Structures are given as structure tokens and as C-alpha cells.
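One structure below.
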Amino acid sequence: MKILDRYILTTYLKTFISVFLILILIFILQTIWLYIKELAGKDLDLIVIVKFIFYFLPKLIPLVLPLTILLSSIMVFGNFAENYEFAAMKSTGISLQRAMSGLSIFIVILGFTTFLFANNVIPWAEFNSYNLRKNIAKLKPAMLLAEGQFNPVGNYNIKFAEKTDDNHLEDVVIHIKGNNGRKNSTFIKSKKGVFIGKETSKVLKLILTDGNYYNDITPKKAAARKRHPFAKSTFEKYIINIDLSELNDVDIDDKSYSDKYNMLNLSGLDKAMDSLSNKRQAELDAFSKTLYQRSSIQNLGNTSFADKASVKKETNMPMETDSLSEGSFLDVFDTKAKNQIVTTAYNSVNSTKQIISSKETFVKNENVIYKKHIVSYHEKLALGFACIILFFVGAPLGALIRKGGIGLPMVVAILLFLTYHFIGIFATNSAKNGNFNPILASWFSTLVMLPLGAYLTRRATADRGLFEIGNVLEPIKKMFKFKEKDSVDYTFLNSYKTHELVGVINNYESLGHDENTRYEAINILKSKGLSIEDIREKGVFIHKDFDLAQNVTKQYTDHARYAVVLYTIGVILLVLFFVFRNNKLPSLASASIQLSIMSLVLYMIYYIKAKIDLFRFYRQINKKTPHLLLLFFGIPLYMFTFPFIKVKVKEDLKLNCLNSLK
């Protein structure tokens, strides 16, 4: 390893380890704060709390490691650029890519290690942390009951409006589960209550005063059960003894939960997905067979549906002979058979609709579980690549902003990471609950960062700025007609008469004007109602090719304006479609999406027409068309690209006009 590579790697590792430790500490504190309700008041040993933190540490790596790589890269390379170390390297012929090469090998090894960590350690941590949380949740002390919500304690669900420091309760409501452990068969409501007991006691005494006791009665007859009878009694004082021995008799090391998708590695996920796919296919086959059997189609050939003699009489041909009937299917049956067929079909359709409706929710839930497995599978693969991509985003970005330390690099890194993280969250949530491809969703945030990394690396290697601000500001200045300090004001031409304007066009040099004055004079003549032909008659020579270029420009402008209007309407209606659909207004949502599609289709027609006019214009003036990427991205981002193209067309038309003047 060369001295330069060793120096860069050592500097990077120092920053990397420092940032990693700081971030992991922050995320641990955030995790404790997030799960404080599950830990507080449980009388947990210190060892259990340490286990809890230890099991959650690996699950923080997918958040901490990419942010650490991004922030460390920006800080280190920004510090190199700020201290002119890159300038010294370049003076000796060492490029940015050469300076990054040694560190890139370390990042690739780190990315592969991260994949192994995500495939083996994180599922193990998820398995242990999930089981530990489940076991801690069973340790529900009787005195830790929240106000205004139902608190499950054994077979009791207790709710109260207010609790004082001496354990007195106000407006107590209690549901007691039945023998099956599910149905709430008993309901108690009282104005006041009080807990009496010791923390070391296995029995908690709850004394209720001034209330009512309701108990469901289950008659033997079905008709009587429909009336939902119950028994009611009033009490002045009622005592409930709650056995807490089973609640605190929990094995904190029990690990019986092992079927969650994020507890599996790649091989486990692969087997689980195959199993889910086969199970789903088997269920669909069984479901289709059930629907076929319930349709009674196999019974249509029985003699109970049609009398063969009646069929022969109505069709005038033997039953054994195959034939084609041009009439209705029911015409070959007698009245009794027709009635049977129609009744059977009607009942079958209604029954099938109900079965399909109930099965639809079940299938949807299974699809969500299957997609979660796919997302989890590819997230393990994408994490290592994300570390590599974020390094190639952070390193050149630090070299471009030329700022080290914690300030600006921290802000930039957090903004980039939040963008990366939230794109990933939205993509995976859409994949699990919507129609977004789950494979693409796992890689989506990484794929978004990939072109950014390539762009920044190329600009940093070429020693160019982060943005060429002039290329952005110049069209905006022209679009909004901002004037430079040394720009020429042509408003004085407005006071000129026609012959004076013609004189300016023909003799601008002798009058001390620049070439742009000629174009402004032509525009003023046009604003006075003169056409190009009229201006020619006044003694100004303008080449005939300019007429065609001007006409094509006018056609382009008209078509482009129509496209802008249709694009705006289509996008607004599309947004309204989602608003109406989310607010359960199906009729308005349907109308919005139909009108939106029509508007966007018409927009595409006028967009294509405008682009054809644009190519015709540049072919006419023998100049290169605007960048094809600008035209391509102009389809979904037309409101942003149109003003820039409009300014460019106007500028090129002006140059063509000046070239056409003799």
C-alpha cells in the first residue's frame, strides 16, 4: 500500500469510527425512548435491559452505516479540498479517481461484509429482540395501568377515566372474558374503585362501589339467542380478586416465535417464498374446484333438469344426435327445466359472489405477506450496494463543496440520507400494500442515488463546480426579463417614427447602435401593425428564409401553449382523482380520471406537434436542436422545461433574424 493510500485510508477510518460511534449512540437512545413504555415499570434485571439493547443494535446498522459512510466521505474529502490537499495531489498528477481508488477497495469490502451481516446477524437479532419484547410484554404489573384505555390484566380488561396517587379510580369499566377466552360475557360499570395490595403480593384486590353488573345469558334455542338476553344486578360494593401469579411467571428467555419474514436469511426466505407460492397456488386450485362444484354445472346433463322426450319434441331430432341451435340455450328445454336452470344459476351466482368477496381479503393479506418476503430478500442484497453508491455520492460531493468538519457536511449528508431513506420507505410501503414491484422497491432508493453518484464523480474528476449556475440563471433571467447592470435599454426606440426605425435598422452602425437595436426596431415596427413584407416595402432587406422560420416558430408557440393548458388540466384532475378516491367519492373519482386521461392524451398530441415544429425550426435555421434529454424529460415535467425551451427558441429566432438582414 502506497503512502498516499495509507494516509487517506487512515484519515477516513478515524472519521468513520468516530461518526459511527456517535450515530450508534444517538440511535440507541432513540430506540430506548421509543420502547420506554415496554421497559418502564417491569422490574427488569439489568441483564435483561442489556440484552434488549444488544439485540436491537444490529437492527440499527441499515440506518447507521449508510449515513456514516455518506457523512464520513463528505467530511474527509471536503477537508482535503478545503486544506488544498487535493490541489497538491493534482499538481503531482494524481487525479481524484486515483485518490479514491484505495479507499474504494475498502468500501467494496465493507459493502460485502455488510451483506453478510444483513444476511446472518440481523435476522438473528430480529429473532431474539422480537421474542424478548413478547416476553417482556407479558410482565404486566397491576399498578402500571394507563388512564382512558382498556388495560388487559389476565381475563380482565380494565378501563377508568382517572387514577389518583392512592390508587383510587373514577368511572371504572371492566370486561371479563368468557370461558372460551374471547367473548366478553360479563360487563361491570361502577362510579368508583380502589386497588388494594402489595407489590410483592400475587393477588390484587379491586374494590368497586356504586355500580352495575351485567352478565350475558345464552339460551339453548336459536330464536331466543337472537334477542341477546342478559342479567343485570346493582351493587353498592363489589370485590374482585385478580390472580397475578400467572402474569409474572414468564420465561424471559423463551424463543418460541420464529415465523416472521425478517427473522430469515436468504436461504430461509427463498424456501419461505416457495412454500408461500405453492400454498397460494394450492389454495387457488382448491378454491376454483369449490366454485366449480358449487356451480352445479355437472348436474346440467342429468334428466332432472330436462326431460329427454320434451327435448326431442321441441327440437324435432333425436337426443343422441349432436346439432347446432341458432336460438337461445334455454329453448331446447321445457318450462320446468328452464325454471330449474335459471333458479340454479341465480343461486349459484349469488353464492359465488359471497364466497369470492370473503376470499378476496384473505388472498390480499397473503399477497402482502408474500411481497414482504420478497422485499426483505432484496433489501439484504441492496444494503451492501447502497453503502458503495453512497460513498461515490459523498466523496466527490465533499471535494466539490470544499468544506470539511461537522457544519455544512452534516447538513448536506442528512438531507441526502433523508431523501434516500424516505424514498426507500415510500417504495417498500407501496410494494407491500399496492401494485409497485417489490423487487424494484427494494432497489429503488439505491437506483435513484446511482446517477447522482456518477454525475458528482464526473464533475469532481473534471474539476468543475457542483452547478454551473450561469447555465441555470441565464434562461431564468431572460424568461423573467431581468436586466444586467450593463444591459442596454431599448425603450428609447418607442418614441421613434416608422422612417426613423427603418433608418436605425439600415444604418445602426453610423448611428452608434449595436446589432441588437436592429432586432428591437423590427419588433416595434411589428407592434405597430406592420408585417415583415410591409417592412421590406419600407426599404429593409430581410431574407425570405426568415418568414418560414417565423411561421414555424408561431406554430410551435401555439401548439406548446395548448400543451401547457392540457398538461395543467390533466395533472390537476389526476390529483383530484386520488383525493376523491381517498375520500370515498367514486363517481367524482371516475369522472376525474376519465377527464384526466383525455386531457393527457390531447397533451401528448400537441406535445408531439410542438416538438415536430421545433425540429422544423432548427432544421430551417441550420442549428442544433435542444438536448434530447431535455425533450424527453419534458414529457412528465413540461411545466418546467417549456419556459427554458421557449426562451432558447426566441433567442435563436432573434439570431436568425439578424443574420437575415443585409
Side-chain angles (χ1 to χ4, degrees), residues 4-5 7-27 60-90 94-111 114 383-424 445-469:
L4 176 64
D5 294 327
Y7 169 69
I8 294 175
L9 180 60
T10 304
T11 305
Y12 186 84
L13 284 176
K14 289 179 181 178
T15 307
F16 179 87
I17 294 172
S18 302
V19 172
F20 181 82
L21 292 176
I22 293 172
L23 290 177
I24 203 72
L25 178 61
I26 293 172
F27 277 89
L60 300 176
I61 296 301
L63 286 175
V64 175
L65 189 59
L67 179 57
T68 302
I69 292 175
L70 182 63
L71 180 56
S72 302
S73 302
I74 296 176
M75 290 175 63
V76 170
F77 283 81
N79 192 50
F80 286 161
E82 186 179 15
N83 295 330
Y84 300 102
E85 292 181 74
F86 275 138
M89 294 179 194
K90 290 176 183 178
I94 299 175
S95 65
L96 175 65
Q97 290 180 341
R98 171 63 187 86
M100 292 171 57
S101 59
L103 197 54
S104 300
I105 297 174
F106 166 74
I107 294 296
V108 171
I109 296 173
L110 180 62
T114 304
L383 181 59
F385 283 97
C387 295
I388 299 172
I389 297 302
L390 289 176
F391 168 74
F392 284 99
V393 171
L397 185 60
L400 289 171
I401 63 177
R402 295 181 174 88
K403 192 69 177 178
I406 296 294
L408 181 61
M410 176 71 79
V411 175
V412 174
I414 290 176
L415 289 176
L416 280 174
F417 179 75
L418 289 177
T419 303
Y420 160 81
H421 184 57
F422 283 120
I423 288 175
S445 56
T446 304
L447 294 176
V448 169
M449 289 294 166
L450 178 60
L452 178 61
Y455 170 79
L456 293 174
T457 303
R458 188 178 66 178
R459 295 194 71 85
T461 304
D463 200 18
R464 302 171 67 182
L466 185 59
F467 297 107
E468 292 182 355
I469 197 68

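Every value quoted in this text rests on a predicted model; they were computed, and no experiment measured them.
Residues meeting the ring-ring contact (aromatic ring centres under 6.0 Å, His included) test with F385, sequence neighbours left out: W443. When the side-chain contact (heavy atoms from CB on, under 4.5 Å) test is applied to I109, the partners found at least two apart in sequence or on another chain are I105, T113.
The minimum heavy-atom distance linking L383 with P62 is given by the pair CD1-CA, 4.0 Å. The minimum heavy-atom distance between V19 and M75, with the atom names listed, is CG2-SD, 4.1 Å. What you find for M449 and V393 is that their closest heavy atoms are O-CG2, 3.7 Å. The two residues L110 and T114 come nearest to each other via the heavy atoms O-OG1, 2.6 Å. In plain terms, the two heavy atoms of G424 and S445 that are nearest each other are N-CB, 3.8 Å. A pairwise comparison of heavy atoms in P396 and T457 identifies CG-OG1, 3.6 Å as the closest pair.
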Side chain to side chain contact (heavy atoms under 4.5 Å, CB included) assessment of V64 paired with F20: CA-CA 7 Å; V64 175; F20 181 82; 3.7 Å; yes
Stepwise side chain to side chain contact (heavy atoms under 4.5 Å, CB included) test for L397 and L416: CA-CA 11 Å; L397 185 60; L416 280 174; 3.4 Å; yes
From CA spacing to verdict: side chain to side chain contact (heavy atoms under 4.5 Å, CB included), L70, Y420: CA-CA 11 Å; L70 182 63; Y420 160 81; over 6 Å; no
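To the nearest 0.5 Å, atom OG of residue S72 and atom CG of residue L390 are 11.5 Å apart. Summarising the geometry, atom CD1 belonging to I24 is positioned 11.0 Å from atom CG belonging to L67; distances are rounded to the nearest 0.5 Å. From L450, atom CG reaches atom CD1 of I388 across 11.0 Å, with rounding to the nearest 0.5 Å.
Here the side chains of L65 and C387 are in contact, with some heavy-atom distance below 4.5 Å. Side-chain contact between F392 and S104: present, with at least one pair of heavy atoms (C-beta onward) separated by less than 4.5 Å. Taking the side chain as every heavy atom from C-beta outward, N79 and T11 never approach each other to under 4.5 Å. Residues F80 and I8 have side chains in contact (heavy-atom distance under 4.5 Å, counting atoms from C-beta outward).
The aromatic rings of Y12 and F16 lie parallel to each other, their planes meeting at an angle below 30°, with 60° marking the opposite boundary.
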